[in-house]
Amino acid sequence: MKKNFRFMVLLLCIALTAGMLTACGGSAAPSSAPADASAETAAAPAEDAAPAEDATPAEDAAPAEEPAPVEDAASAEDAEPASDVAWPENALGNVELPLVDEETTFSIWMGVNPNVLKITEDIGNDCVIWNELAERTGVRLDFDVCNPDTESEKFNLMVASMDLKDIISNATALYTNGGEAAIADEVLIDTLPYLTPEIMPQFCKLMDQYPDAVPEGLTESGWLPGLPQLSMQTEGSTTFGCQIRQDWLDELNLEAPETYDELHDVLKAFKDEKGADAALLLNYAGTGLNNGLVQGYGINGLVADAAMSEPFYQVDDVVMYGPIQPEFKEYLQMVHDWYAEGLIWQDFMSNPDFQNPPLDVILADRTGVYYGEVTYMATITNSDPDGDIRFVAIPDFVKNKGDTIPFKEERAYTVATPWSISSACEDPELVMRWCNYLYTDEGALLANYGIEHESFEFNEHNVPVFTDLVLNNPEGMSTTVALFMYCMDRGPFYRDETREQSGYTEDQKAASEIWMSNLSVGRGMGSTMINAEESDKVNQSYGDIKTYIEQSVLQFITGQRDLSEFDAYVENIKSMGIDEVTECYQAAYERYLNGEVVEMGGPMGPPPPGAPPPP
């Protein structure tokens, strides 16, 4: 990786280690750190942190009369590990609870899976984990939620009125030009100054294990706009991808397709032999989840508010914009032809769930290939009255046998839909202390698995495993919905990437390796981030460009617009300013390659100029 970047990482690790030694040795906190929390709002880690299984239940725990001073607190490294619980493997210890003497409420805004919203919009009261967290920590969240279909619109209205919630989910993706611009415009705050051993001891302990995590989340100006999420597992994996009906392949004596041509033939067989009028299900963007169907052409092409990133990529270090490339025209022609043949669900643009297809279409034996989460396999199996449907993972498709998809990235630690602290929050330090609790042994267990004897039990190896409340919900919830109702599905917690595997079938366990099997490094852009000046330039035109592309892609696929107009479509996008936008990303990518990272605030110094200062 880049020499200067690694150097900055090394400095971060040294600074964090020094900070931890200072905290343990009783010296005053560095002057650059936020002011110490008051006795009413902060509690330091317990001097002798009890193991998770021996901890006094939160509802019986009395608040400490006098919070232990930080300098006397036991470090996470000295915390006694649990004696009879094998989880987590990397125990980080616990902190004294509650975090406050009097309950404190923070507001939070987020888009929520529409299948969850069918059950409840009162997330804070009806989802078990949030009440339990409030009882333990003294910090309660007041949720304001919306359907992902209206997430972008409602976010923009909230920002325009500056009626901001304390915590905002996915703000770095929803705000035009990301977290850099959001902090510069004083919508979000920089959370980096709060990553100190005094405020987040458990999280800071992980910096030796994850030296790239914080630098990869920084903006060009060295700000950290999203609350951190780290994984217990260091190897790369994925939890979503293409899935195919193996029982139909077996019945029709067909091999699993590898190329687009082979996929076409399989889809046609599904349609002709099995009556599948929606043989291929796509999400409303028409490119497969996270560019899954288009990347075999060597490009990115997904444009949607729900997308994890914009469709920029690089070839020989030259940044390209996928939706205007000749390869994208080839892709659109293919998908249009399949749509005209009746191989693609004719109403794909109407499905509001970006991540998973409509269950009723699948259960009606109308489809054989879709893009979705690995947990959706179990949802289908549990919902199939006959138990005959079997979907398995399949690698993304390529043009020619033996091709690979050149978009494998180095390990990335930043969460796709991060939580950020807004400038309206009056006590960001307490929010960060609350986040740190989710990295403790007790907090991580609650965040990942919920409440013992309800959503999980310990197995014979003393490892938590989900109960049927999550894996085979008696009320018919999918596993994805049940995870949301009883655990944390996103946000700043120490995530166990294997948690869903406690109830995985063999097909589900094999999925991640299959999905990654034909990926190669080549055209990704790493953690490239544009700076504030570039954000202003991009902001002038890119919103209109995205809207135009979203509309045009659907028109090309459905035949409302002929692909002979593709050149005119490209010229329109260029006239709207895409070349200037691409130049900004080119400059940012070159800085990334050169390791040009602005000196960071927090443990390494004061917040960068222009960042809203800590209170």
Side-chain angles (χ1 to χ4, degrees), residues 45 49 51-53 55 57-58 76 79 82 85-95 97-99 106 108 110 112-113 116 123-124 126-141 143 167 169 200-206 210 213 226-233 239 375 413-419 430-458 463-467 469-471 479-503:
E53 70 277 13
V85 176
W87 189 97
E89 183 177 345
N90 181 23
L92 299 177
N94 293 301
V95 296
L97 295 176
L99 300 176
F106 292 101
I108 179 171
M110 69 162 61
V112 171
N113 186 321
V116 172
I123 304 299
D126 292 342
C127 295
V128 174
I129 187 173
W130 304 113
N131 283 314
E132 180 66 20
L133 270 170
E135 291 182 11
R136 293 188 187 187
T137 65
V139 174
R140 185 173 296 278
L141 298 185
F143 285 83
I167 302 169
S169 176
M200 301 191 73
Q202 274 70 30
F203 182 85
C204 285
K205 183 184 177 185
L206 288 172
Y210 301 93
L227 302 181
Q229 181 193 81
L230 296 181
S231 168
M232 294 182 182
Q233 291 75 35
T239 59
T375 54
Y413 301 96
T414 51
V415 63
T417 53
W419 290 8
L430 178 56
V431 174
M432 295 297 281
R433 290 185 185 276
W434 180 85
C435 292
N436 180 73
Y437 174 69
L438 300 173
Y439 282 89
T440 67
D441 300 341
E442 294 174 357
L445 182 63
L446 176 62
N448 279 286
Y449 292 94
I451 297 174
E452 188 178 4
H453 307 309
E454 183 175 11
S455 55
F456 84 93
E457 301 283 359
F458 285 103
V463 172
V465 293
F466 283 124
T467 66
L469 191 65
V470 173
L471 300 177
T479 303
T480 301
V481 171
L483 282 170
F484 191 100
M485 295 297 293
Y486 296 100
C487 315
M488 285 185 72
D489 78 327
R490 70 185 74 176
F493 68 102
Y494 194 23
R495 183 181 176 88
D496 182 357
E497 300 289 352
T498 69
R499 62 178 181 167
E500 290 94 340
Q501 295 181 17
S502 62

Atom of [X], atom of [Y] and distance for their closest heavy-atom approach:
| X | Y | answer |
| --- | --- | --- |
| Ala447 | Cys487 | O-CB, 3.5 Å |
| Tyr486 | Glu454 | CE2-OE2, 4.0 Å |
| Ser455 | Gly450 | OG-CA, 3.4 Å |
| Gly138 | Pro98 | N-CB, 4.2 Å |

Nearest 0.5 Å, please: how far is [atom2] in [Y] from [atom1] in [X]?
| X | Y | atom1 | atom2 | value |
| --- | --- | --- | --- | --- |
| Met232 | Arg495 | CE | CZ | 10.5 Å |
| Leu483 | Arg490 | CG | CZ | 12.0 Å |
| Lys205 | Met200 | NZ | CE | 15.0 Å |
| Asp126 | Asn131 | CG | CG | 8.5 Å |
| Leu469 | His453 | CG | NE2 | 14.0 Å |

query: Would Phe458 and Phe456 count as a close aromatic pair, with their ring centres under 6.0 Å?
result: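 Close enough - the centres of the two rings lie under 6.0 Å apart.
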Note, [X] side chain near [Y] side chain (heavy atom, < 4.5 Å):
| X | Y | answer |
| --- | --- | --- |
| Val431 | Trp419 | no |
| Gln202 | Asn94 | no |
| Leu446 | Ile129 | yes |
| Phe203 | Met432 | no |
| Leu206 | Asn90 | yes |
| Leu92 | Thr440 | no |
| Leu438 | Leu133 | yes |
| Glu442 | Leu97 | yes |

task: Measure the acute angle between the ring planes of Trp434 and Trp130, then classify it against the limits of 30° and 60° as parallel, tilted or perpendicular.
output: parallel
- prompt: Does the side chain to side chain contact (heavy atoms under 4.5 Å, CB included) test come out yes or no for Leu141 and Ile123, once each step is laid out?
  reply: CA-CA 9 Å; Leu141 298 185; Ile123 304 299; over 6 Å; no
message: Would Val470 and Met485 count as a side chain to side chain contact (heavy atoms under 4.5 Å, CB included) here? Give the steps.
response: CA-CA 9 Å; Val470 173; Met485 295 297 293; over 6 Å; no
message: Run the side chain to side chain contact (heavy atoms under 4.5 Å, CB included) test on Tyr449 and Trp87 for me, step by step, so that the C-alpha distance in whole Å, both residues' side-chain angles and the decisive distance to 0.1 Å come before the verdict.
response: CA-CA 11 Å; Tyr449 292 94; Trp87 189 97; 3.8 Å; yes
message: For Tyr437, give me all partners under ring-ring contact (aromatic ring centres under 6.0 Å, His included), at least two apart in sequence or on another chain.
response: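 Expected list: none.
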message: According to ring-ring contact (aromatic ring centres under 6.0 Å, His included), who are the partners of Phe106, at least two apart in sequence or on a separate chain?
response: none
- request: Using atom types as modelled and distance alone, determine if a side-chain donor or acceptor of Asn448 lies under 3.5 Å from a backbone N or O of Tyr494.
  value: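 Answer holds: yes.
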message: Suppose we screen for salt bridge (Lys or Arg N to Asp or Glu O under 4.0 Å). Which residues come up paired with Arg499, at least two apart in sequence or across chains?
response: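 Testing Arg499 for salt bridge (Lys or Arg N to Asp or Glu O under 4.0 Å), a comparison that skips the adjacent residues, returns none.
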